[in-house]
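Here's the structure, in C-alpha cells; my notes come after.
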Amino acid sequence: MAPRRLPLASPLRPGLLLAGGLALAGSLGVTLLAFAGLIGFSASGPDWRLLQDPYFYQVLRFSLWQALLSSLLAVLPAWPIARALYYLPRLPARRAFLGLCLLYFVMPTLILITGLVALLGHAGLLSPLISHFTGSAWNLYGLGGIVLAHLLLNLPLAVRLLYLQLQAIPASSWQLARQLKLGPRQRLRLIEWPALKGRLWMLLGLVFILCFNSFAIVLALGGGPQSTTLEVAIYQALKYDFNPAEALTLAWAQLLIAGGLFLLVMRRGGSHWLSPDTDTRPPLPRPAPAARLGFQLLYYGSWLLLLLPLGALLPALVRRGLPRVGASELLLPTLLSLALALAAALAATALAYLVLQPLRAARRRGQSGRALLLEWLATHQLVTPAMVLSVGLFILLLPHPGLLRWGLLWVALLNALLVLPFAVQQLKPRLLQFDQQYAPLVTQLKLGGLARWRVEWPFMRPVLAASFALALVLALGDVAIFAIFGDPARPTLPWLIYGYASSYRIAEASLASLLLLLLCALGLWGIGRLQRPAPLAPPAASAHPPPTSGDAPHA
Amino acid sequence: MPRSLRPLLAALLLPLLTTLALPTSAAELRVYTYSSFVSDWGPGPALKQAFEQQCFCTLEFVSAEDGVSLLNRLRIEGANTRADLMLGLDDALTDIARSEALVQPHGLSLPPLRPELQWNDPAFVPYDFGYFAFVYNRESVTRPARSLKELIDSDARIIYQDPRTSTPGQGLLLWVKAVYGEQSEAAWQRLASHTLTVTKGWWEAYSLFLQGDADYVLSYSTSPAYHSVTEQDERYRTALFSEGHIAQIEVAAISRYSQQPELARDFMRYLLTPEAQAIIATRNWMLPVIEGVTLPEAFDHLIQPRRIGFSPAEIARQRPAWIREWRRAASR
C-alpha cells in the first residue's frame with residue numbers, strides 16, 4: 001500500500017532529527033570502519049584472483065543451494081500448518097504452540113545445535129533407530145544437518161507469520177464466500193492465496209537471507225570443507241589463513257547477494273511476526289472431516305518436531321549422570337551474559353528509535369524511494385557479515401591496547417548493532433502509525449518538546465518495551481562477537497555451551513543450554529506481557545488489529 | 001602484645017606488605033601463548049609458579065586461541081605489541097614470524113638438544129616436540145594400517161582437522177605432500193570418501209573420536225601416554241607408518257619489541273631445564289627436547305618414527321598453494 005501524503009506535514013523536532021542522523025551515521029560508520037580496518041590491513045584490496053579458483057564457486061554454490069533448500073523446506077510445510085492453526089481454533093495448547101514458535105526463532109542457535117547433537121549426533125538418542133531403518137550409518141554432519149537445523153529455526157517463524165497473515169483476512173470476505181457458496185478450492189484460490197501471496201515470497205526471501213548468512217550452524221554441523229558458506233569462508237580466511245584480501249572478496253560477494261536480495265524483500269514490506277495473536281474469529285467454514293484429521297495430524301506432528309530437539313537435552317543430562325558443573329561455574333557466566341545483553345538491548349532500542357527519525361521525516365514528505373534507502377541503511381547489519389564487522393574493528397583497535405581493555409564494552413556495542421535491524425523492524429510500523437494518526441493533531445496543537453513526547457510515549461511504550469525484550473533475547477545468544485573481543489577466562493553462557501559442545505561434553509552443554517533456554521523463555525514471556533495493549537493506549541490502537549504491513553495501518 | 005601473637009600478626013601483615021611493595025620492585029614478563037597451555041591442566045600454571053620463585057618477577061600469560069591465532073595477533077599488533085616472549089609457534093610458522101620481523105636473536109648457548117630435532121636457529125628455541133600420528137582403539141581396530149598409503153586407500157572412518165585452523169591438520173597437509181608429491185590432490189579426494197568429519201581444532205576431533213564413532217583420529221604419537229598415565233587406559237595406540245612421520249616442534253622466541261629481553265632469556269633458559277621439561281611433557285603431552293628427563297614409564301612404549309618433512313622456509317613458501325590444493329580437492 002502506497003503511503004498517503006499527509007495533509008499537514010509536521011516537521012520533526014530538529015534536535016531529534018539531528019540525533020537520528022548522527023545515530024544512523026554512527027551505525028554506518030562502525031561498519032565502514034570495520035571494512036576500512038580490513039582494507040587497510042590488506043593494503044592491496046580484495047583478492048580478485050579468488051574469482052578464478054573453483055573453491056570460490058564451490059562455496060558460492062553451496063551457500064546458495066543450502067539456503068534455497070533450507071528456505072523451501074522451512075516455508076512450504078509452514079503453510080499447511082498455519083492453515084491447521086487457522087481452521088481449527090479449538091486445538092489444544094494452541095497459544096503455547098505459537099509461543100514455542102516464537103521461542104524457536106529467538107533462541108540462541110547453540111541450544112538447537114546441542115539438542116540436535118544429543119538427538120541425532122554420533123551418540124544421539126535417535127541415531128541407532130535411524131541407522132536401523134536406513135541400513136547405513138547415520139551422519140548428522142553435512143548438508144543434512146545444516147538444512148535440518150535451518151528448518152527447525154525457520155519453520156516456526158514461517159508458521160507464525162503465515163498464521164497471523166491468515167488472521168488478517170477480513171470477516172467480510174468469509175461472509176461473502178458463504179453467500180457465494182464457494183468450495184474449498186475456490187476459497188483457497190480466491191481468499192487465502194491473495195492474502196498470503198505477497199507474504200509468502202517475502203518470507204522465502206527473508207529465510208533465504210538468514211540461511212545464506214548462517215554461521216554457527218554451518219560451523220558446528222558442516223563437518224568439513226564440502227559444506228562451507230561464504231560467512232564461514234570469511235571466518236576461515238581471517239582467522240587462520242589470515243588473508244584479509246581473500247576475506248574482502250568473499251565479503252563483497254556476500255554483501256552483493258544478500259544485500260540485493262534484502263532490498264527486494266524490503267520493497268514488499270517488513271515482517272511482523274511478533275504481533276500478538278488478536279483472537280478475532282470470523283465465521284470460518286468448517287473443514288471436511290478428512291481435512292480436519294489431516295490438520296490435526298500436522299499440528300501434533302509439528303509439536304513433536306519442535307519438542308524433540310529441546311526434549312533431548314533432558315535425557316542427555318540424566319543418561320550420562322548429572323554433570324559435575326557447580327552452580328558457581330554457571331552463575332558468573334549467566335550474570336555476565338545478562339549484563340551484556342541488557343546493555344546491548346538498551347543501546348539497540350535507543351538506536352533503533354533514533355535511526356528511524358530520518359526515515360519518519362522522509363515518509364512524511366512522501367519520499368518513498370528515500371525512505372526505502374534510509375531503511376536499508378538503518379538495517380544494513382542484517383546483511384553485513386558479522387565476521388567482517390568484528391574482525392575489522394578488532395584489527396583497528398588492536399594497536400591501541402587501552403581501547404581493547406574495554407573488550408566487553410565492544411561486545412555490548414557490536415551486539416547492539418547486530419540486533420538493531422530487528423529492533424528497527426519492530427518499532428517502525430508503530431512509529432509510522434503514530435505519525436499517520438496523530439501528527440496532524442500534534443501539529444495543530446503546536447505541541448513541542450515534552451508535551452509532544454507525552455503523547456507519543458504511551459503510544460510507543462508497549463512496542464519500545466517489546467523491542468527491548470526482543471533485543472535482549474537475541475543478544476543473549478551471541479558467540480561470534482564474544483569469540484573476537486571476549487575474554488575466554490570470563491565466559492558468557494553461550495560461550496560456555498560452545499566450549500562444552502565442541503568437546504562433546506553433551507551433558508554439561510545440555511545443562512547450560514537449558515538454563516539459557518529458560519532465560520530466553522522468560523524474555524519472551526516478558527515480550528508477551530509488554531505487548532498487551534497498555535491501559536493508557538489511545539482507543540485507536542487497541543480497537544484495530546496491529547498493522548501487518550510495513551507501509552501504513554489498515555485503516 | 002603477647003609474644004605468641006607476634007608470628008600470627010606477621011603472617012597476616014607480610015603478604016599485605018609484599019603486595020604493596022610489588023609494583024615498584026618486581027619486573028613483569030609478559031608471555032604470549034595459546035590458551036590450552038595456560039589452562040588449569042596445562043603446563044602454564046606450574047611453570048609460572050616455579051619460575052616466579054627464582055626470578056623475583058611476575059609472569060603474565062596472555063593467551064590466544066592457538067598457535068596460528070597467536071602469530072596472527074602478533075602480526076596485527078606489530079610494533080605496538082606488549083609481548084616480551086612468544087611461546088607456542090611451531091617450526092612450520094617460524095619463517096613467517098621471522099620474515100615479518102617479529103622476533104630477535106636470543107643469543108643463548110643452548111644445552112645439547114635431541115639430535116632428531118636437527119635444531120640450529122638463532123631466534124627460536126624448541127621447548128617440546130611430537131610426531132603427528134593416527135590414534136586408534138586396539139579393541140576395534142585389530143590390524144592397524146602400516147603406511148599412510150594403506151590408510152588412505154582403506155575405507156576406515158577417519159577424523160582429521162582442518163589444516164587452515166589447526167596445527168595437526170597442517171601436519172597432515174605436509175605429510176600427504178611429503179608422501180604423494182604431485183599426486184596429492186587425488187590422495188585428498190580418496191581420503192575424503194571415507195572421512196567422517198573435518199573439525200576446526202584438535203580437541204573437537206579427539207573428543208569425537210573418544211565417543212567411539214571413528215576408527216582413526218589424527219593426533220600425536222604421545223597421545224597413548226596420556227591415556228595410560230591419567231586414565232590407566234591401555235586401549236589407545238598410534239599407527240607407525242613406513243613412510244615416516246612429520247614432527248611438530250614447538251618453539252619460544254623473544255619479541256623484537258620486548259621490554260624485558262634479559263628476563264625473557266632467563267625464562268628460555270629455564271624452559272630447557274629438566275624440571276621444566278618434565279612439567280611440559282606430562283602436562284602438554286609432548287616429548288622433551290633434551291635428554292635425561294625423568295618421565296612416566298608410558299613414554300617408553302610410544303612409537304619411534306622416522307622423521308620426514310620440509311624445511312620451515314619451504315613450508316612458508318608453499319603453504320598457501322598446498323592449502324588451496326587441499327581445499328579444492330576436499331570441498332568437491
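In what follows, chains carry the letters A, B, and so on, assigned in the order in which the sequence lines appear, proteins first and then strands, with residues in each chain numbered from 1.
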Please flag which part of A/Leu396 lies under 4.5 Å from any non-hydrogen atom of chain B: side chain, backbone, both or neither.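 Neither part.
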Under 6.0 Å from the [atom1] atom of [X], do we count more than 12 heavy atoms belonging to anything else shown?
X	atom1	value
B/Glu314	CD	yes
B/Glu182	CD	no
B/Phe310	CZ	yes
B/Gln259	CD	no

May I ask you to test the B/Val198-A/Gln226 pair for a side-chain heavy-atom distance under 4.5 Å?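 Counting from C-beta outward, B/Val198 and A/Gln226 never come under 4.5 Å.
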Rounded distance (nearest 0.5 Å) linking atom [atom1] of [X] with atom [atom2] of [Y]:
X	Y	atom1	atom2	result
B/Arg75	A/Ile395	CZ	CD1	10.5 Å
A/Gln236	B/Arg327	CD	CZ	9.0 Å
B/Ile76	A/Leu397	CD1	CG	11.0 Å

Quick check on B/Ile159 against chain A: is it the side chain, the backbone, both or neither that has a heavy atom closer than 4.5 Å?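 It is neither, since no heavy atom gets under 4.5 Å.
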Contacting moiety of B/Arg324, where chain A heavy atoms sit under 4.5 Å: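 Side chain only.
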Against the six-membered ring of A/Tyr55, is B/Arg328 placed for a cation-pi contact (under 6.0 Å from the centre, within 45° of the normal)?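 Output no; distance or angle outside limits.
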Results of side chain to side chain donor-acceptor pair (under 3.5 Å) for B/Gln170 - residues two or more places apart only: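 By the side chain to side chain donor-acceptor pair (under 3.5 Å) rule, B/Gln170 matches B/Arg319.
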What I want to find out is whether A/Glu246 reaches B/Arg164 closely enough, with some N-O distance under 4.0 Å, to be called a salt bridge.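 Answer for the salt bridge query: no.
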